[in-house]
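These numbers come from a predicted model, not from an experiment. FYI, side chains are in, hydrogens and waters are out, and symmetry mates aren't considered; it's all heavy atoms of this structure. Residue numbering restarts at 1 for every chain, and letters A, B, ... go by the order of the sequence lines.
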Number of protein chains: 2
Amino acid sequence: MATIHDVALKSGVSVTTVSRVLNNRGYISETTRNKVFGAMKELGYQPNDIARSLLRKQSNIIGLIIPNVSHPFFSELADQVEYFAYQAGYKVLLCNSQLDPTKEWDYIEMLKRNRVDGIIMGSHTLEVDEYLSLHSPIVTFDRKIGESIPHLGSDNYRGGQLATQHLIDRGCRKIAHICGNLKLQVLSNHRTDAFLDIVKKYGVEHLIIQTDMNVFDQRQYEILIQALLKEHPNIDGIFATSDIIAAFAVKECIRAGKRVPEDVRIVGYDDVGAARWLTPELTSIRQPIDEFGRLAVELIRMQVEGQPFEIANVLPVELMVRATT
Amino acid sequence: MATIHDVALKSGVSVTTVSRVLNNRGYISETTRNKVFGAMKELGYQPNDIARSLLRKQSNIIGLIIPNVSHPFFSELADQVEYFAYQAGYKVLLCNSQLDPTKEWDYIEMLKRNRVDGIIMGSHTLEVDEYLSLHSPIVTFDRKIGESIPHLGSDNYRGGQLATQHLIDRGCRKIAHICGNLKLQVLSNHRTDAFLDIVKKYGVEHLIIQTDMNVFDQRQYEILIQALLKEHPNIDGIFATSDIIAAFAVKECIRAGKRVPEDVRIVGYDDVGAARWLTPELTSIRQPIDEFGRLAVELIRMQVEGQPFEIANVLPVELMVRATT
DNA sequence: TTGTAAGCGTTATCAC
DNA sequence: GTGATAACGCTTACAA
C-alpha cells in the first residue's frame, strides 16, 4: 500500500506538501496540487488512518457493548447507534458480551487499548469499579453506575403503569408479569415496581415470574409460560417485559386453547419491528430506540468535546394498542 | 493516559525493557519484571494498540458491510460473525450500507484508510471494479464479484426447490413467489429459477412478485400482499424469500379471512429466530447462519495468512416444516 | 509557496 | 539481562 512518501516521490514534492493538499491546509499552487492528486490517483493512495489516530490521539471509534445483536431490541439499537455515529464521523465497534463477564472484561480492555473515543454500555455484568477506572467517555444504557456517568433509558415506571393500567381497563382480573432477574440493578426493573403499585391499587390478583433475558434460550420461555398457564388457568392478562416474551405468551396461550385477546390479553415491551409481524399484532410499550441511538452518540460527543451534558436521560414511552388486548 | 515511557520512568528501566515484559520476550530478571508490573498497575497502563497496529501494519479489524443490522437475518449474521471474530482475535466494525451507494462507498474508503484486515460484504450496490481495486481480503456474501474473490452463501437453488416442492406436495395448485429484485446479480435469485423449474415441471399455476428487500418499508409488504390476495383470491400457496415477508403474508391472509395453512400454505426463508415466535410457527428454509459467520471469518483469516482457500462456498439448506404448511 | 525535522507510542535490531 | 536507536505513516512548527 502506497504511503505519503511514495506520493511525494512520484509527484516530486515533499511529504509536507502532500500532507497539505491532502488536508487542504495552507497555500499550494494549482500545479503542485494537480501533480499531487495525479500521483495519488495513479498509486491508489489512501491515507493511513492508523498513523493519523496515533498522532491525533483520537480513533473516532465508539465501542458498543450489548448482550447480543441478535436480540431484536439490541439489533435496532445498534442500527440507530450506527446511523448517528456515521453522521457524526464515528465508527462503531460491535461487542457482544453474551452477558459473559470474561468476555465483557476482554472487550473493555480491548477498547481501552484501542483508545476508543467512547463506550456505549448496554450490558454490564462486572463490578461498577471496572467502569469507573475506565477513563474514556461512557454512556450507560438501562443502568446507573456512577454519579458522573451519563445514563440513558426510558421511563420504565411509566411504561409499567401504562401496561398494567391498560390491562385492568380492559377488564383483566388476574395478571401475570413476566420480567427479568429482579436482583440485577437495572432501571428496567422499575417496570415491576409500577406493576405492583397499580395491581395493588386496584386490588387485582397478580403474580410475578422472573426469567433470564437470554434470547438464545427461547425454549426456556416456552416452558416457563406453559407452566404458568397450567398452574394458573384463570390468568386473563399478561404483561411481558419484552416483545419476544410476549410473542411466546401469545403462542402458548393459543396452544393451550385460549383465545387472544378474548380469554387472555397480552402486552409486550419495546415495540420492536417484530411486534407488527405477529398475528395478532402485539400491543406494546414503545421505547424511542431512534432517540436512544441519537442521544447515546451525542452524549459521547459532548464528553469528547468537553461540553456540558445531562447525567440522567429519561425518554418518554408510549402505549401502542394493537390486537392482543 | 500513561505511555510506555511513563512506565519506564517510574520503574527505572528503559522502554525496551518495559516492552519486553509486556510481550514476554527475551530474558528479564524477576526483580525488574516485578518493578515494571508494579509501575504498570500504579499507572493503570494500557498498551496503545494504535501504535502497535501502525508498526505491525495490521489492525486486526474486520469490516462487516451489510444492508442493515436491524433486519433479523443480518442481525443473526452479525452476531455470528462477531462470535467467531472474537475467537480469532479480530474486532468487528459494523457498517450498515442501507443499500445507499454513497454510504457504502464511504464505508469502503474508511475501511481502506483504517487498514482493516478484511471485509465481509453482505451488501453491494456499487460496481464490481470498486471492490476489485480493494486490495484487502474480501469475502462476499450472496454475490460473486470476481474469479479470485471468495464468496459465501447457501444452496439457493436447492432451497427454492425444497420450498416449492413442499407446497406442491401439500396440494397447492396456485402458488405465488415473492422475491427480491431479479435484476440484481445476487445468488439468492436462483431460488426463483428453482421455483419456476418446479412449478413448470408439475404444471402448477404460478406468479412472481418482486419487491425491494427493505425492512424499513414494511408497509410496502402489506400493500403488496393485499393486492396479491385481492387480484388472485384463489392462491393457495406462497413461497416468500424471507421470513419477514412470510410473516406479513400470514398476517394479510388472516386479515383477508383465509385460514393458514388450511386455505393458504406459506413457506418463508432463512429460518431466523422470529420464525418460531409467530403463531402459527413458520415453515421455512433454514440457512446455516452460524456456519456463515464461522466461514466468513475463516476465509478472511486464510487470506491474511496466505493459506489456500475455496472460492465458492456453498452451504446446505434445510426445509423446516412447521405450522404454516 | 515549499521543505526539514520532530514527534505520536510501539517494537525490532543491534550493542554492551 | 538491559539499553540506544531506528522505524511504522502521518501532521505540524519552524525555516527558507
Grab the [atom1]-[atom2] distance between [X] and [N] for me, whole Å please.
X         : N       : atom1 : atom2 : value
Arg113(B) : dC8(D)  : CZ    : P     : 22 Å
Gln58(B)  : dA12(C) : CD    : P     : 13 Å
Asn48(B)  : dC8(C)  : CG    : P     : 12 Å
Tyr27(A)  : dG3(C)  : OH    : P     : 18 Å
Arg56(A)  : dG9(C)  : CZ    : C1'   : 17 Å
Ile50(A)  : dC8(C)  : CD1   : C1'   : 14 Å
Gln46(B)  : dT10(C) : CD    : P     : 10 Å
Asp49(B)  : dT10(C) : CG    : C1'   : 10 Å

Taking all non-hydrogen atoms of both residues, which atom of [X] and which atom of [Y] are closest, and how far apart?
X         : Y         : value
Tyr90(A)  : Val304(A) : OH-CG2, 3.9 Å
Leu111(B) : Leu93(B)  : CD2-CD2, 3.9 Å
Ser59(A)  : Lys91(A)  : O-NZ, 3.0 Å

> Counting only non-hydrogen atoms, which of residues 30-37 of chain B are less than 4.0 Å from DNA chain D?
Replying inline: Thr32(B)
> Quick one: on DNA chain D, does Leu55(B) or Ser14(B) contact a more 5' nucleotide (nearest heavy atom)?
Replying inline: Ser14(B)
> Pick the nucleotide of DNA chain D nearest each of Leu54(B) and Ile28(B); which residue has the one closer to the 5' end?
Replying inline: Ile28(B)
Using a cut-off of strictly less than 4.0 Å, decide whether [X] has a side-chain nitrogen or oxygen near OP1 or OP2 of [N].
X        : N       : answer
Arg52(B) : dT11(C) : yes
Tyr45(A) : dC10(D) : yes
Lys57(B) : dA7(D)  : no
Asn23(B) : dT11(C) : yes
Thr17(A) : dG3(C)  : yes
Ser29(B) : dG1(D)  : no
Arg25(A) : dT12(D) : yes

>> For Arg52(B) and Asp49(B): C-alpha separation, side-chain torsions, deciding distance, then whether salt bridge (Lys or Arg N to Asp or Glu O under 4.0 Å) applies.
In response: CA-CA 5 Å; Arg52(B) 287 175 159 181; Asp49(B) 266 356; 3.5 Å; yes
> Under 4.5 Å between any side-chain heavy atoms of Arg20(A) and Thr32(A), yes or no?
Replying inline: no
> With a 4.5 Å limit on heavy-atom distance, are the side chains of Ile65(B) and Ile108(B) in contact?
Replying inline: yes
>> Quick check for you: to the nearest 0.5 Å, what is the distance between Met1(A) atom CE and Arg113(B) atom CZ?
In response: 11.0 Å
> Do Ser14(A) and Thr17(A) pass the side chain to side chain donor-acceptor pair (under 3.5 Å) test, and can you show the C-alpha distance, the side-chain angles, and the key distance before you say yes or no?
Replying inline: CA-CA 5 Å; Ser14(A) 74; Thr17(A) 305; 3.2 Å; yes
> With under 30° as parallel and over 60° as perpendicular, where do the rings of Phe73(B) and Phe292(B) fit, or are they tilted in between?
Replying inline: perpendicular
> Does Gln80(B) use its side chain to pair, donor to acceptor, with the backbone of Glu76(B) at less than 3.5 Å?
Replying inline: no
> If you check every side-chain atom of Ile4(B), which of dT2(D), dG7(C), dT10(C) has the closest atom?
Replying inline: dT10(C)
What's touching nucleotides 13-16 of chain C from the protein side, N or O pairs under 3.5 Å?
none

